[in-house]
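Order of appearance sets the numbers: ligands from 1, and atoms from 1 within every ligand. Quick caveat: nothing in here was measured; it's all calculated off a predicted structure. Count residues from 1 along the sequence.
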Amino acid sequence: MSNQNVSQLFGSMVFNEEVMRQRLSSTCYRAWKKCVSDGTPLELETAHEMAAAMKDWAIEKGATHFTHWFQPMTGFTAEKHDSFITPQDSSRVLMQFSGKELVRGEPDASSFPSGGLRATFEARGYTAWDPSAFAFIKDGSLCIPTIFCSYSGQALDKKTPLLRSMEELSRQAVRVLRLFGDRNVKKVISQVGPEQEYFLIDKDVYNKREDLILTGRTLFGAKPPKGQELEDHYFGTIKPRIAAYMRELDEELWKLGILAKTKHNEVAPAQHELAPIYTDANTACDHNQLTMEVMKKVAARHNMVCLLHEKPFAGVNGSGKHDNWSLSTDTGMNLFKPGSTPSQNARFLLFLSAFIKGVDEYQDLLRCSVASPGNDHRLGAQEAPPAILSIFLGDELTAIVDAIVQDTEYVDTSKKILSIGVDALPPIPQDTTDRNRTSPLAFTGNKFEFRMLGSSQSISGPNVALNTIMAEELSQFADALEGAEDFNSALHDLIRSTLRDHQRIIFNGNGYEDAWVEEAEKRGLSNLACTADALGAYLQPKHIQLFQKHRVFTAEELSARNEIHLMNYCEVVGIEARTMLDMVRRSIFPAVCKFSGETASGVAAKKSVLADLDCSDEEALLQDLSRLSAEMMRQTRALDEALAAPKAANAYEAARYYRYTVFEIMGRLRAAVDAMEVITAAEAWPLPSYTDLLFSIR
Ligand code: ADP
Ligand code: MG
């Protein structure tokens, strides 16, 4: 594709600002701009004009339907399509789309999770247009990004809290900027660039794995002779079939205005990554949902399957999502960019201290925001960051923090001695060396990279957490500084005491070493190893207060979300357990019986012709198979009984039961099966092996 074609393609399916400028009257266009920048409500007249323009544009592009596109708490996206057709008389139809239809929709909400927020007698929720996100065309439908709420206004989706948190963060950040004498900034916007990891495997191989089809991950599978040891896949040459996929994926994403930028192979065989150019958190969240959807769709066209599960293969690197997060003003300033003047330095240090304090105080909340059954296999294993929150600052910045805390001098790289304060800050070189990939939350020059997210999760939750925590710390800082007699000295003291009190959260070492777990415990850092444990910490009064204070969640909304996450955990583990039972009983056990029987008759046949033949090694193999098979059936029965056991008193207890009883048995069952796989003939084993799966695309 030529460069010119790419620029024509980019955003061609998006009703973006450029299209609006061309197609709307200037009154309507200005009203929309004002609505987005100042939150001024749109008049119905304006909505009508907007709707008509959207419809005409969409029809020209071949669309026939429209849908309110929203992000319910399932973590997926939802849509309900209506055609533009309105009958005129018995033989004529008109293509219509009104302002009312644009602004508000009423999907039957009863089958989306609400965590008890919506009684069944008022099953209907409503969707409301989010004018700050552009409408787009997907599969012949005009998709209108919307929020999704209950009739009483409670959020039933992932977008509402994100928008609320962005607004609140902006309000608090602007307060702080005013103290620095800034009169121009009207808005501060959190910026996000999510790097998305995924696996691609051949569809024919995939179709032979019931576990992949039903759960997205392999529930059985022995380690392959060759895994990722040689690291020959990382940034390696991209195979032609994968390259063709990536090319088409880019094109599809560009049409949707998604800034897909880099693509490369990841560490594990069959693993890849896609990174977009960052944008505001709301758009980034919409775009990431679309990216995941398009990745799967395009894979199907290439007879492949895109796996977004956090841990499709045990013993092989899992997939995560790096949430690159920063704050930018509407005037284009990045508030995490170290500056070159005393005032910029002071501002940078203030935002940095607020972030450090926030992460330290709300470790559990950040941990909860990435808790999911899939991510449990990943956090703390292989390449993934541990479940302990800490911040990597790099050597230079850490030395600066130390100097501030101890009020000592700082010697910079050219051996120049600097007295560090808010007035004097040495230039902070971007850490170009290894950025310490073991850190869960790293400062990378002018942004923070939150690396604990699971590959399949919506990025909304973690960004809601980051935004709200930051809003809280900035509001505390603004409160303290607004009343200060001498701003500069109050600022200096505030930064110093904040860094001193929260230094324990800074850790630049290797997060994968056991020594860190011990050290973190000594520092009093939290370590919530699994989802069941983490979600138990979700409803701490401190979290409820935080979200209520900033009007991001009410207490009911928060507890509804917790309920949904806990129930989801139980359901996912339950489905996995039942899938294992099905696979063992209907394919693995029969296959092993057949293979053992054939091996036994082979040995007997040999003995019948050579009575004194020593077959003890072959018999040992048979004994191993028999013992393992017996163990497999024992664990199968145990799992069956565990699943039938009486249900727990509440969702939290239920999740713990699934984690500490059901999941443990699943581990033992898998161990027995995997041990049999490696001593059973390949043709007798009923499932494609890890080698077949991981090297399925040649
Ligand atoms: P890597 O982490 O792989 O070295 P980069 O640092 O270049 O790559 O960028 C990774 C992601 O971070 C990209 O999605 C990029 O757009 C995003 N990013 C870069 N700068 C910012 C920023 N200021 N705020 C948010 N995201 C950013
Ligand atoms: Mg990265």
Side-chain angles (χ1 to χ4, degrees), residues 10 162 165-166 169-170 173 185 187-198 233-236 238 246 249-250 253-254 256-267 271-292 295 317 319-339 344 347-348 351-352 354-355 359 383-385 391-394 397 428-453 455 459-460 462-467 470 511:
F10 189 82
L162 182 62
S165 72
M166 288 174 74
L169 172 56
S170 176
V185 170
K187 221 172 167 179
V188 170
I189 310 131
S190 45
Q191 305 290 327
V192 173
E195 301 166 63
Q196 176 74 49
E197 290 182 331
Y198 60 100
H233 190 253
Y234 191 49
F235 279 73
I238 299 174
M246 289 178 166
L249 177 62
D250 275 347
L253 294 175
W254 289 339
L256 292 168
I258 297 172
L259 296 150
K261 172 117 170 110
T262 56
K263 47 191 182 183
H264 61 77
N265 288 350
E266 264 300 329
V267 179
Q271 194 185 31
H272 311 279
E273 184 190 282
L274 179 139
I277 295 174
Y278 69 96
T279 170
D280 70 274
N282 183 26
T283 307
C285 184
D286 284 1
H287 281 182
N288 185 249
Q289 292 296 133
L290 282 172
T291 300
M292 292 194 285
M295 278 178 158
N317 274 5
S319 297
K321 193 134 56 183
H322 290 178
D323 191 75
N324 293 272
W325 180 89
S326 70
L327 297 179
S328 138
T329 63
D330 55 351
T331 55
M333 266 187 318
N334 177 346
L335 298 173
F336 286 115
K337 191 172 155 59
Q344 285 169 0
R347 197 187 61 216
F348 166 72
F351 278 88
L352 179 75
F355 186 82
V359 174
E383 94 295 2
I391 301 176
F392 169 84
L393 286 185
L397 200 48
I428 301 165
Q430 282 229 9
D431 199 333
T432 44
T433 53
D434 178 19
R435 283 173 179 176
N436 190 347
R437 301 188 57 87
T438 67
S439 174
L441 187 43
F443 180 70
T444 45
N446 59 9
K447 60 178 160 64
F448 283 95
E449 192 169 336
F450 188 21
R451 300 189 177 127
M452 291 172 94
L453 283 76
S455 48
I459 61 168
S460 168
N463 286 298
V464 168
L466 288 169
N467 291 344
M470 196 64 187

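- Inclusion of Trp325 in the set of residues having an N or O under 3.5 Å from an N or O of ligand 1 is not warranted.
- For atom 5 (P) of ligand 1, the nearest non-hydrogen atom from the set Lys447, Lys261, Gln196, Glu195 comes from Lys447.
- Nearest approach of Val192 to Ala281, heavy atoms of both residues: CG2-CB, 3.8 Å.
- The side-chain contact (heavy atoms from CB on, under 4.5 Å) test with His272 singles out one residue from Met246, Gln196, Glu197, Met295, and that residue is Met246.
- With ligand atoms numbered from 1 in the order given, ligand 1 contributes 14 (O), 26 (N) to contacts under 4.0 Å with heavy atoms of Gly193.
- Looking at Glu449 against ligand 1, only its side chain comes within 4.0 Å, counting heavy atoms.
- Side-chain contact of Asn324 with Glu195: a donor-acceptor pair under 3.5 Å is present, judged by distance alone.
- For Thr444, the closest heavy-atom approach to ligand 1 does not fall below 4.0 Å.
- Within the 4.0 Å heavy-atom cutoff, His322 does not count among the residues contacting ligand 1.
- Counted by atom type alone, Asn288 and Lys321 present one or more donor-acceptor pairs between their side chains at under 3.5 Å.
- Among Val192, Asn324, Leu274, Leu327, the residue whose heavy atom lies nearest to atom 11 (C) of ligand 1 is Asn324.
- Contact annotation: the side chain of Leu335 approaches that of Thr329 to within less than 4.5 Å [non-hydrogen atoms, C-beta and beyond].
- None of Phe355, Tyr278, Phe448, Phe450 except one satisfies the ring pair (Phe, Tyr, Trp, His ring centres under 6.0 Å) rule with Trp325; the exception is Phe355.
- Residue Asn334 has at least one heavy-atom neighbour below 4.0 Å for each of these atoms of ligand 1: 23 (N).
- Counting atoms of ligand 1 from 1 in the listed order, those under 4.0 Å from a heavy atom of Pro276 are 13 (C), 14 (O), 15 (C), 16 (O).
- For ligand 1, the polar-atom distance check finds no N/O of Ile277 at less than 3.5 Å from any of the ligand's N/O atoms.
- Taking the ring centroids of Phe443 and Phe392, they lie at or beyond the 6.0 Å cut-off.
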